Amino acid sequence: MKVIVLQENLARGLSIVSRAVSPRSTLPVLSNILIASDEGRLRLSATNLELGITCWIPARIEQEGSTTVPSRTLSDLINTLPADQVQLILDTQTQSLHVQGGTSNNDIKCIDAQEFPPLPVPDMDGAVQVNVADFKEMIQQVTFAASTDEARPVLMGVLVTVEKDQITMAAADGFRLAVRKATLSNAMPSPISAIIPARALNELARVAGDGEESIYMVMPKGRGQVLFRVKDVEVVSQLIDGTFPDYHQIIPRNYKSRTLVSTNAMLKACKQAEIFAREGSNVARLDIKPAQSDMQPSEVEISATSEETGRNETIVEATVDGGGMLIAFNVKFLREALEAVKTPNVAMETSGPNAPGVIRPVGNDDYIQVIMPMHLG
Amino acid sequence: MPIRLLSSEVASQIAAGEVIERPASVVKELAENALDAGARALTISIAEAGRALVEVADDGSGIPASELALAVERHATSKLVQSEDLFHISTLGFRGEALASIGSVSRMTVTSRVAESATGARLRVEGGISSKVEPVGAPVGTVVRVEDLFYNVPARLKFLKADVTERRAIDNLVTRYALAYPHVRFKLSEGKNVSLQTAGDGDRRSILAALYGVDVARQMLEVIAEEEGLRLTGFISPTSLTRSNRKEITFFVNGRWVQEVALNTAVIQAYHTLLMVGRYPLTALFLDMLPGDVDVNVHPAKAEVRFKNQDRVFSFVQRAVRRALLAYTPVPSVAPTTLWGGRPSEPREPGLDWTMARETVDGGRPTAEGQPSEASSPTPQPETRPAFNLPLLRLIGQIGSAYLVAEGPDGLYLIDQHAAHERVLFEKLMAQHGMKSILSQALLTPAVVHLPPAQAKLLEGQIDVLNHFGFEVEAFGANTFQVRAMPTLFRGSDPSLALRALVEDFEEDEAPLQAEVEARLAGRVCKRLAVKAGQTLTPEEQRALLSDLETCESPRTCPHGRPTMIHLSVDMLERQFGRKGPR
């Protein structure tokens with residue numbers, strides 16, 4: 001193999017695929033990145049067997065070939081080379097890759113490309129097509145609500161369903177739920193439902209770049225895999241097996257009290273409360289006060305107390321529709337929920353101190369979050 | 001097959017199975033009978049680990065010849081007349097089953113004479129069939145000779161353990177009874193081998209030596225505590241002396257050896273944070289209470305008892321043990337041989353020199369700190385813990401950015417700054433948090449948890465308690481529960497794991513969630529708050545740490561159970577410098 005690439009292209013490609021490298025593995029080849037000539041371009045691939053990322057970069061192929069290179073060594077090296085042409089020459093006898101850039105000459109010991117696990121070659125027919133920016137927003141609005149507790153693998157994933165021209169993502173960790181819908185430009189003939197690891201979606205959002213391109217998603221039948229393609233990057237992930245909780249019945253249909261607040265003001269109040277709450281129980285109390293008179297407009301009082309640090313109390317202007325209420329939430333859940341809301345105002349609905357709290361952006365019906373309250377036992 | 005009434009022989013063999021399961025049970029039943037008969041001396045002889053022969057001879061009141069035939073019948077006893085008597089039993093036996101049970105599974109000879117009678121009487125029972133009572137010459141008292149145990153129950157015979165094991169069970173049992181009845185002379189022998197002989201002079205420590213060895217016996221701390229209607233005496237091990245299991249936690253309630261989980265737990269809790277995880281103390285404790293306050297008629301072998309007021313007994317035992325322990329918990333002192341030899345000192349291993357513990361134990365003299373040895377005084381003041389758990393220390397400085405050096409009245413103290421600070425913060429935070437505010441986090445969807453039947457049963461009775469601890473649980477069919485909320489203490493989000501953890505707390509009879517609370521605090525203290533080794537402290541900081549440590553309840557160990565300080569006594573220094581000869 002003899003290939004000439006631009007340093008910046010190679011550095012970018014390596015930074016994209018290296019997220020799927022498994023840094024510590026009993027299989028040495030998983031710590032490596034596959035580089036292969038591929039129809040006039042250079043293909044870079046990495047996988048930890050759960051997640052795989054492939055990226056194609058422009059290259060001048062002088063001689064076809066492939067090998068796998070230790071990820072850290074190659075990335076660190078390329079990042080320090082001058083922004084110029086980099087020449088990669090493989091000695092197939094010794095599996096040694098000669099990397100030359102500027103005045104720097106290096107030989108890296110490689111592992112035969114035959115040992116690298118084959119990544120699926122997708123058939124993009126019938127792919128779901130979504131705008132990159134929209135898809136990234138959807139991912140950012142749900143994945144934080146997924147669980148990190150390996151005891152319940154299903155909750156570490158995001159339920160992605162497609163029905164006609166509706167795509168829905170839902171994540172829950174047992175205490176909170178985030179559901180985001182979007183409309184596709186063209187309707188799908190058959191419905192799709194799969195649990196995709198939240199981590200894979202986060203990586204996808206990271207590597208997808210910005211702009212007006214489209215993300216294509218396919219789930220080849222019977223493979224238990226999902227494959228995303230955006231521009232010159234492919235992300236493939238194992239699906240999570242299992243049954244996702246039926247979240248439709250969790251979302252309350254009505255409420256006794258609805259509080260409208262400025263998202264930003266409420267978020268700030270939560271961040272302040274968290275400074276005190278994080279030392280102890282993480283609990284923030286919301287005292288929802290409807291207007292008593294013109295002199296006393298409606299408001300929400302957010303407070304947190306810590307035996308060690310002290311206490312905090314912030315008042316946020318609000319429009320309260322319904323009765324007053326005292327309700328407590330895990331302040332981290334509340335803060336993360338508000339951070340995900342993109343609209344200037346947000347509505348919080350609840351029916352009582354023991355009933356779920358519902359958070360909806362004002363003016364956007366596509367996004368809904370449910371947070372379960374806390375109470376003193 | 002048609003249904004038939006069992007023949008009385010078979011029925012008694014079945015019943016015997018509950019009481020007599022191994023040679024040691026025979027010894028136990030016969031020894032208890034002898035003790036009930038007021039014996040001052042017990043001679044127990046066995047052969048082939050009790051399989052071939054168990055003979056228990058006593059000098060008690062004896063059985064009159066006229067009653068002998070009745071004595072070996074089932075449900076025949078002199079210790080109980082009417083059912084009310086069951087509620088204040090002061091004798092060890094009362095069921096009237098021992099002799100009948102033993103007789104039905106062995107060849108048994110009972111020889112007995114009462115003081116009023118000139119001759120004794122003898123009766124043989126073989127496989128439950130008794131012979132005629134015949135007159136015979138015998139000393140006052142009763143001799144029960146049990147030969148060929150289980151000769152007619154081969155199944156039982158098959159399940160007996162190796163001789164060594166059975167013999168050890170008998171040894172253990174007799175030694176423990178000797179401990180409980182120090183005024184009775186016990187002799188246990190197999191052939192010419194005498195494995196235990198006690199003087200009957202009331203000295204428990206010498207019997208303890210027979211049980212655990214002289215070294216251990218000398219280190220054991222004495223507990224004496226009394227509270228309205230409750231009295232706890234006996235011995236507990238210092239924190240240096242531990243076992244990897246709970247088997248050596250021995251309890252006698254009103255002179256009866258019991259295996260009561262609640263009592264064991266009370267003891268373990270008293271040692272809480274003083275022992276490393278997975279280590280358990282050795283105890284021989286004797287709890288005396290009014291017979292009416294305890295129900296012994298729970299289990300055929302009487303190994304379990306019920307208390308009328310379990311919480312009170314539990315907290316009394318825990319407090320008494322804790323008090324004795326805190327009064328004595330010594331600073332591990334370094335043994336001369338290990339000090340400069342380069343071997344790391346392992347202060348938790350028995351055999352090292354625990355000067356202070358020994359001094360107090362030997363003479364009940366004031367401890368090295370100059371405080372009276374509270375627990376050995378007959379009337380301890382409840383709820384007063386020693387004002388100073390540490391001697392007054394004069395700070396000398398810090399070495400290696402990790403240890404403080406201080407001088408006390410009795411030598412040099414090396415203090416691990418990280419461990420010491422951990423202890424200070426841990427006690428402070430525990431006092432702040434306590435178990436007061438348990439927050440409950442509601443679940444998005446109720447989790448359905450299946451439990452094994454035994455755990456489920458345990459849980460069913462405790463659902464109210466659970467709801468108090470931040471769970472919201474309801475029964476949901478057989479052995480199935482629905483969890484709607486769980487305490488926020490649990491790091492993971494899996495309600496079934498959390499619920500199981502709590503059930504295990506119940507099973508172990510430990511304060512529910514206490515372990516989680518403490519583990520979380522200890523973890524936080526250790527990782528985030530406590531000063532680390534390698535951090536240079538100013539003299540003011542060093543002094544503050546020392547004085548904070550002095551106010552701690554258990555200043556000598558960190559929350560993980562490691563020692564916070566090492567003591568080099570003046571005495572030891574003098575020996576190391578050759579000013580004094582070795583001990």
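Just so it is clear, the values below take in all heavy atoms, side chains as well, and ignore hydrogens, waters and symmetry mates. This structure is a prediction, so every number in the text was calculated from the model and none was measured.
- Residues of residues 324-334 of chain A lying within less than 4.5 angstrom of chain B, judged on heavy atoms, are A:N330, A:F333 in numerical order.
- Considering all non-hydrogen atoms of both residues, B:A442 and A:M372 come closest at O-CB, 3.1 Å.
- For A:K289, the NZ atom is densely surrounded, since the number of other residues' heavy atoms within 6.0 Å is greater than 12.
- The number of heavy-atom neighbours closer than 6.0 Å to OH of B:Y403, taken from other residues, nucleotides and ligands shown, is 12 or below.
- Taking a 6.0 Å sphere around CD of B:E474, one finds it holds more than 12 heavy atoms contributed by other residues, nucleotides or ligands.
- Chain B is approached within less than 4.5 Å, heavy atom to heavy atom, by no residue from residues 350-357 of chain A.
- When the side-chain hydrogen bond (donor to acceptor under 3.5 Å, both in side chains) test is applied to A:T243, no partner is found at least two apart in sequence or on another chain.
- Scanning both residues, A:F175 and B:L443, for their nearest heavy atoms gives CE2-CD2, 3.3 Å.
- Within a 6.0 Å radius of CD in A:E163, other residues, nucleotides and ligands contribute 12 heavy atoms or fewer.
- No more than 12 heavy atoms of other residues, nucleotides or ligands sit less than 6.0 Å from atom NZ of A:K256.
- Heavy-atom pairs under 4.5 Å with chain B peak, among A:I371, A:V283, A:D246, A:I250, at A:I250.
- Between B:E472 and A:H375, the shortest heavy-atom distance links the atoms OE2-NE2, 3.3 Å.
- Among residues two or more places apart in sequence or in another chain, the side-chain hydrogen bond (donor to acceptor under 3.5 Å, both in side chains) test is passed with A:T148 by none.
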